[in-house]
There are 2 protein chains.
Amino acid sequence: MVRWEPGTRERLQAAALDLYVEQGFEQTTVEEIARAVGLTERTFFRHFADKREVLFDPQNRLQQAFLDAVDAAPAGATPLETVASALETAAAFFGDERRPWSRRRQSVIAANPALQERELLKMAALETSVAHALRARGIGERAAALAAGACITVFGVAFGQWIAEGEQRSLADIQREVMGELGSVAAGLAAVVAGGEG
Amino acid sequence: MVRWEPGTRERLQAAALDLYVEQGFEQTTVEEIARAVGLTERTFFRHFADKREVLFDPQNRLQQAFLDAVDAAPAGATPLETVASALETAAAFFGDERRPWSRRRQSVIAANPALQERELLKMAALETSVAHALRARGIGERAAALAAGACITVFGVAFGQWIAEGEQRSLADIQREVMGELGSVAAGLAAVVAGGEG
DNA sequence: GTCTATAGTGCGATAGAC
DNA sequence: GTCTATCGCACTATAGAC
């Protein structure tokens, strides 16, 4: 009999998601989650800083993927070319096999402002780190911040479509489509800036 | 002697900001804030849902300003022209007299992830409502979401500069500059989309 | 593993404003 | 009388300290 089985984190995450889906986030206590996998409340807090964090990847693999992709982009690439290639790479993290889990997870988050806050914090951290990686490539602070903002906006819109009911296409395909639509929206931007407005 | 002085909300907000600046957000208890203005903890929670909310405008006036400005834009305006005019209008909310208070508030938020989460939630709500207002003008869902994302990104970058140490220019001036930089960044977007990437 | 501070909720009582 | 701001008390769960 093993004293502690491996994959404790993962089992806590799975149990938490199940309970959050079944009875709601607020109606679920940390003690319930811990007992569901044969542990105590105290152990839960050793693995996760708080009750929300259990729905998020403590290792931030997505962020690491984005950063590696930014670093790997060709030296002469523009800021938006760089983030476009980062989005391509990041899409590999969300294969078809993860889509059902992502949908369940998102339904819980959508129902709880407290969880939305945490998700937004993670996305903001991602945006900041992408901007930082762009700056390390010699891109100016403003351009880096704006390109990173565009990157996360496109990712967010595309991800929302990826988990939409009935959606079958890959995240990469959807991202390319959304990036194209961003091109359409931004097409008149030079004119807007030159012309001024009321 | 009046039992209830007016402006209870505002006095709680001022006292809370003072205490958060002096001793930190986490080191300040709700009871301290309440007692600082002669009230009890229970009354604090009558006015604000939680300890963080006291730093935010419960009336969401900024959001209302954005929405009014979007509705007031000329009928034929493109999505980005519309958000550009919304940014112009919204800038009126942040006059020079509010800059010192905004700086104090931001220094507290910058030091506390829990407060950053709340700020991000407010910004996300703002973005969503701008997207919704754009859709009401007949703009497609995707274009509306992307234009709203650009709007909030520009606002965020510009606001950060507005409260930067030594900054003197108005928020509207900075926003125009940032919008111009977004034009530069987006200039090559059509080429990126057409050419694809590794 | 226990112990505690405190955030936040629910219900009810009080009392001034009108 | 109604309406509403305030207070009091009991209570739970989170989260951190020891």
Side-chain angles (χ1 to χ4, degrees), chain A residues 1-5 8-9 11-13 15-56 58 108-109 111-122, chain B residues 1-59 108-109 111-122:
Chain A
M1 175 165 175
V2 285
R3 183 159 159 77
W4 32 267
E5 300 171 46
T8 302
R9 265 191 168 77
R11 287 186 300 126
L12 279 168
Q13 290 181 312
L17 181 55
D18 284 347
L19 287 165
Y20 292 171
V21 168
E22 282 168 32
Q23 37 181 325
F25 170 74
E26 294 189 338
Q27 286 68 43
T28 304
T29 68
V30 171
E31 199 196 346
E32 276 181 291
I33 301 168
R35 273 198 287 101
V37 296
L39 298 172
T40 69
E41 197 182 38
R42 189 69 188 77
T43 308
F44 177 96
F45 284 113
R46 257 171 20 86
H47 287 278
F48 303 100
D50 58 51
K51 191 184 163 186
R52 282 165 279 166
E53 195 70 16
V54 72
L55 285 186
F56 298 83
V108 172
I109 293 177
N112 291 93
L115 291 171
Q116 291 162 40
E117 288 186 332
R118 181 56 50 86
E119 173 115 303
L120 289 164
L121 188 67
K122 299 286 184 183
Chain B
M1 172 168 175
V2 283
R3 182 154 162 80
W4 307 308
E5 298 172 44
T8 302
R9 265 190 168 77
E10 289 72 17
R11 287 185 299 125
L12 280 168
Q13 289 181 313
L17 181 55
D18 285 346
L19 287 165
Y20 292 171
V21 168
E22 283 168 32
Q23 38 180 309
F25 170 74
E26 293 189 337
Q27 286 67 44
T28 304
T29 67
V30 171
E31 198 195 348
E32 276 180 291
I33 301 167
R35 272 197 286 102
V37 297
L39 296 171
T40 68
E41 196 183 32
R42 198 67 193 81
T43 305
F44 176 96
F45 286 113
R46 235 189 103 74
H47 288 276
F48 303 100
D50 57 53
K51 193 182 162 186
R52 283 164 278 167
E53 195 68 15
V54 72
L55 285 185
F56 297 82
D57 177 17
Q59 297 168 69
V108 173
I109 293 176
N112 291 94
L115 291 170
Q116 291 162 38
E117 288 186 332
R118 182 56 50 86
E119 173 113 304
L120 290 164
L121 188 67
K122 299 287 183 182

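Here is how names work: the chains are called A, B, and so on, in the same order as the sequence lines, proteins then strands, and each is numbered from 1. These numbers were taken from a predicted model, which means no experiment stands behind them.
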From CG of B:Leu39 across to P of D:dG8 the rounded distance in Å is 11 Å
Between the main-chain N or O of B:Leu115 and the side-chain N or O of A:Glu117, is there a donor-acceptor pair closer than 3.5 Å? no
Roughly, in whole Å, what's the span from CD in B:Gln27 to C1' in C:dA7? 15 Å
Any side-chain N or O of A:Thr40 under 4.0 Å from OP1/OP2 of C:dG1? no
The nucleotide from C:dG8, D:dA5, D:dG8 with an atom nearest the side chain of B:Asp50 is C:dG8
Output the rounded distance in Å from CZ (B:Phe45) to P (D:dT4). 23 Å
Both A:Thr28 and A:Arg42 contact DNA chain D. Taking the nearest nucleotide for each, which residue is further toward the 5' end? A:Thr28
Using a cut-off of strictly less than 4.0 Å, decide whether B:His47 has a side-chain nitrogen or oxygen near OP1 or OP2 of D:dA5. no
Sugar-phosphate, base or nothing in reach of A:Glu41, heavy atoms under 4.0 Å: base
State whether B:Thr29 places a side-chain N or O below 4.0 Å from either non-bridging phosphate oxygen (OP1 or OP2) of C:dT6. no
Smallest separation among heavy atoms of B:Glu32 and B:Gln27, with atom names: OE1-O, 3.6 Å
To the nearest angstrom, the CZ-P distance between B:Arg9 and D:dT4 comes to 13 Å
Ignoring hydrogens and angles, tell me if any N or O in the side chain of B:Asn112 forms a donor-acceptor pair with the backbone of B:Ala114 under 3.5 Å. no
Whole angstroms only, please: what is the CZ-P distance between A:Arg35 and D:dA13? 11 Å
Using only atom types and a distance under 3.5 Å, with no angle test, would you say the side chain of A:Gln116 pairs donor to acceptor with the backbone of A:Ile109? yes
CZ of A:Arg46 versus C1' of C:dG1: gap in Å, rounded? 12 Å
Nearest-Å distance for atom pair CD/P, residues B:Glu31 and D:dC7: 12 Å
Nearest-neighbour nucleotide for the A:Lys51 side chain, D:dC7, C:dA7, D:dT14 considered: D:dT14
Quick one: pull up NZ in B:Lys51 and CD1 in B:Ile33 and give me the separation to the nearest 0.5 Å. 6.5 Å
Protein-nucleotide distance (B:Leu12, atom CG; D:dC7, atom P), rounded to Å: 10 Å
